[in-house]
Asker: 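Take a look at this one; I'll ask things after.
For ligands, and for the atoms within them, numbers begin at 1 and follow the listed sequence. Just so you know, residue 1 is the first one in the sequence shown, and it goes up from there.
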Amino acid sequence: MEFTGKKVIVTGANGLVGLPAVKKCLDEGAAKVYAVDLRISDNLKWLQSQYGSDKLVLVQTDLTYLSHCENLLSMDKINIVLHIAGVKGSPARSSTQPADYLFPMLMFNTNMIKASFDAKVDWFVYLSSVGVYKPADVMHEEDTWNQEETWASTPSRLDWHPGWTKRMGELTLDSLRVQYGWTNYTVIRPSNIYGINDNFAQDATVISSNIWKCFNVEGDDMVCWGNGSSKRDFVFGDDVAQASIDVVKKEVRDIINFGCGEAVTIKETIETIKECYTELTGKTKNIVWDETKTNGDPIRCLGSKRQEKYGILPQTTLKEGILKSMKEYKSRL
Ligand SMILES: NC(=O)c1ccc[n+]([C@@H]2O[C@H](COP(=O)([O-])OP(=O)(O)OC[C@H]3O[C@@H](n4cnc5c(N)ncnc54)[C@H](O)[C@@H]3O)[C@@H](O)[C@H]2O)c1
């Protein structure tokens, strides 16, 4: 299904994935894009000044209310919904404040799926997460949930509440398939996302918190959690946005991982951040490992067989992505 002439809703439009998704939908020829978020940023206002308010409509709303979602879907005849909104933070925060994740995500996922189904949209994309899997060297879609089997495992204790919450969104979509035979949707399970427009903060995700440290912690030492041995799979936000569009164009009626295909160690990742920092500023940092802190699960990498089958693959290398993210963060400071 092409985007040309289509009316599209992008939720979480202010975020790391949502913002590039809005731009890409417009570049694909969408007739109108409704960019929806709790907060409308200057970035979205700037995009609107480029494309015009007849093409890009900015909607500030809280999707945890069903009536807000129903209003959104009744404003126009919507063809495509990219439901990208989420609540994110560090594993430390999700383990101590799980209700901050679970309540809003359960509510807005259920509401958006119901309102979109009732409005008979042509296609719905749901951004799930790597967090639905139990820790494993390589996590394949068919190892857990598919349309014939039940979940054979539980999410990692380190991702317990967000993991179960994302699973509930998948289950909600599946209930519509079972009862009504509705299959016009794709579930994407991205691995760890980083990039431009990220939330760079001390308690953020691995890449963004370490980029934050480079610029905000005084002195040469950069203290990092654990010993750097654990392995992760990182993807650039723009690539995830592109994947959300490609699954619609290819009408992927499936659950599909979106990762880089090969896990890298946290050590390698932080060394890349350090290298990019030196390239951008001419300054250096010493990495100091705080081994009193947890390493998290030893390895988390998404299997890429389905991505390869559908030709939905990331285009940005880790070094390119980190350099772009760091440049944008530096320009904001
Ligand atoms: N960032 C990651 O590492 C990662 C990994 C796996 C899955 N995901 C999922 O991918 C999706 C995109 O992630 P992201 O990194 O772009 O997140 P993000 O935090 O950058 O953007 C999410 C956006 O959703 C908006 N939002 C939150 N609650 C809302 C509400 N009640 N009403 C309206 N808008 C609301 C936020 O304001 C934010 O702008 C999310 O669903 C996330 O759970 C992210």
Asker: How far does OG of S208 sit from CD1 of I273, to the nearest 0.5 angstrom?
Answerer: 8.5 Å
Asker: Tell me, which protein residue and heavy-atom name are nearest atom 15 (O) of ligand 1, and how many Å apart are they?
Answerer: K88 NZ, 2.9 Å
Asker: Would you say M105 has any N or O atom under 3.5 Å from an N or O of ligand 1, going by distance alone?
Answerer: no
Asker: For F215 and F200, I'd like to know if the aromatic rings sit close, meaning centre-to-centre distance below 6.0 Å.
Answerer: no
Asker: For F236 and Y194, take the angle between the two ring planes, folded into 0 to 90°, and tell me which bin it lands in: parallel under 30, tilted 30 to 60, perpendicular over 60.
Answerer: tilted
Asker: Decide whether an N or O pair under 3.5 Å exists between D37 and ligand 1.
Answerer: yes
Asker: Grab the two heavy atoms, one from T265 and one from G228, that are nearest each other, plus how far apart they are.
Answerer: CB-O, 3.6 Å
Asker: Have a look at F103, Y65, F108 and point out the one with the heavy atom closest to atom 28 (N) of ligand 1.
Answerer: F108
Asker: Check whether any N or O atom of V87, backbone or side chain, sits under 3.5 Å from an N or O atom of ligand 1, and answer yes or no.
Answerer: no
Asker: Going by heavy atoms, is R39 under 4.0 Å from ligand 1?
Answerer: no
Asker: Specify the protein heavy atom at minimum distance from atom 32 (N) of ligand 1: its residue, its atom name, and the distance to 0.1 Å.
Answerer: L63 N, 3.0 Å
Asker: Examine ligand 1 and decide if any of its atoms is less than 4.0 Å from a heavy atom belonging to P190.
Answerer: yes
Asker: So is I193 polar-close to ligand 1, meaning N/O to N/O under 3.5 Å?
Answerer: yes
Asker: Report, in ascending order of atom number, the atoms of ligand 1 lying under 4.0 Å from any heavy atom of N14.
Answerer: 39 (O)
Asker: At their closest point, which heavy atom of H140 faces which heavy atom of N257, and how far apart are they?
Answerer: CA-ND2, 4.2 Å
Asker: Between ligand 1 and S191, can you find any atom pair, the residue atom being a heavy atom, that is separated by under 4.0 Å?
Answerer: yes
Asker: State whether the shortest distance between N or O atoms of G18 and N or O atoms of ligand 1 falls below 3.5 angstrom.
Answerer: no
Asker: To check your reading of the model: name the closest protein heavy atom to atom 21 (O) of ligand 1, its residue, and the distance in Å.
Answerer: G15 CA, 3.4 Å
Asker: May I ask you to decide if the ring planes of W182 and Y185 are parallel, tilted or perpendicular, using 30° and 60° as cut-offs?
Answerer: tilted
Asker: Which pair of non-hydrogen atoms, one from M112 and one from C69, has the smallest distance, and what is that distance?
Answerer: SD-SG, 3.7 Å
Asker: Please verify whether a non-hydrogen atom of K166 lies at under 4.0 Å from ligand 1.
Answerer: yes
Asker: For ligand 1, which atoms have a heavy atom of T64 less than 4.0 angstrom away?
Answerer: 31 (N)
Asker: To which of V130, N192, L127 does the heavy atom nearest atom 10 (O) of ligand 1 belong?
Answerer: L127
Asker: Using a strict 4.0 Å threshold on nitrogen-to-oxygen distance, state whether D159 and K166 make a salt bridge.
Answerer: no
Asker: Do V17 and ligand 1 have an N or O pair less than 3.5 Å apart?
Answerer: yes
Asker: Between E320 and K324, does at least one N-O distance fall below 4.0 Å, as a salt bridge requires?
Answerer: no
Asker: Among the heavy atoms of I84, does any lie under 4.0 Å from an atom of ligand 1?
Answerer: yes
Asker: Give, for atom CD of Q307 and atom CD1 of I256, the distance between the pair rounded to the nearest 0.5 Å.
Answerer: 5.5 Å
Asker: Would you please say whether a donor-acceptor pair under 3.5 Å links the side chains of S41 and W46?
Answerer: no
Asker: Test of understanding: given a 4.0 Å heavy-atom threshold, classify the contact between T61 and ligand 1 as side chain, backbone, both, or neither.
Answerer: backbone
Asker: Working to the nearest 0.5 angstrom, can you tell me the gap between Y101 OH and S95 OG?
Answerer: 8.5 Å
Asker: Give me the nearest non-hydrogen protein atom to atom 35 (C) of ligand 1 as residue plus atom name, then the distance to 0.1 Å.
Answerer: L38 CG, 3.7 Å
Asker: Can you tell me the protein heavy atom closest to atom 23 (C) of ligand 1 and the distance?
Answerer: G12 CA, 3.5 Å
Asker: For atom 27 (C) of ligand 1, what's the nearest protein heavy-atom neighbour? Residue, atom name and distance, please.
Answerer: G86 O, 3.3 Å
Asker: Within the structure, is a non-hydrogen atom of N197 found at a distance of less than 4.0 Å from ligand 1?
Answerer: no
Asker: Would D174 and R177 pass as an ion pair if we require N to O under 4.0 Å?
Answerer: yes
Asker: Return yes when S128 approaches ligand 1 closer than 4.0 angstrom through a heavy atom, no otherwise.
Answerer: yes
Asker: State plainly whether the residues D238 and K23 are in salt-bridge range, i.e. N to O under 4.0 Å.
Answerer: no
Asker: Is any side-chain N of the basic residue among K6 and E28 closer than 4.0 Å to the acidic one's carboxylate O?
Answerer: no
Asker: Run the contact test for D62 against ligand 1 with a 4.0 Å cut-off on heavy atoms, strictly below, and give the result.
Answerer: yes
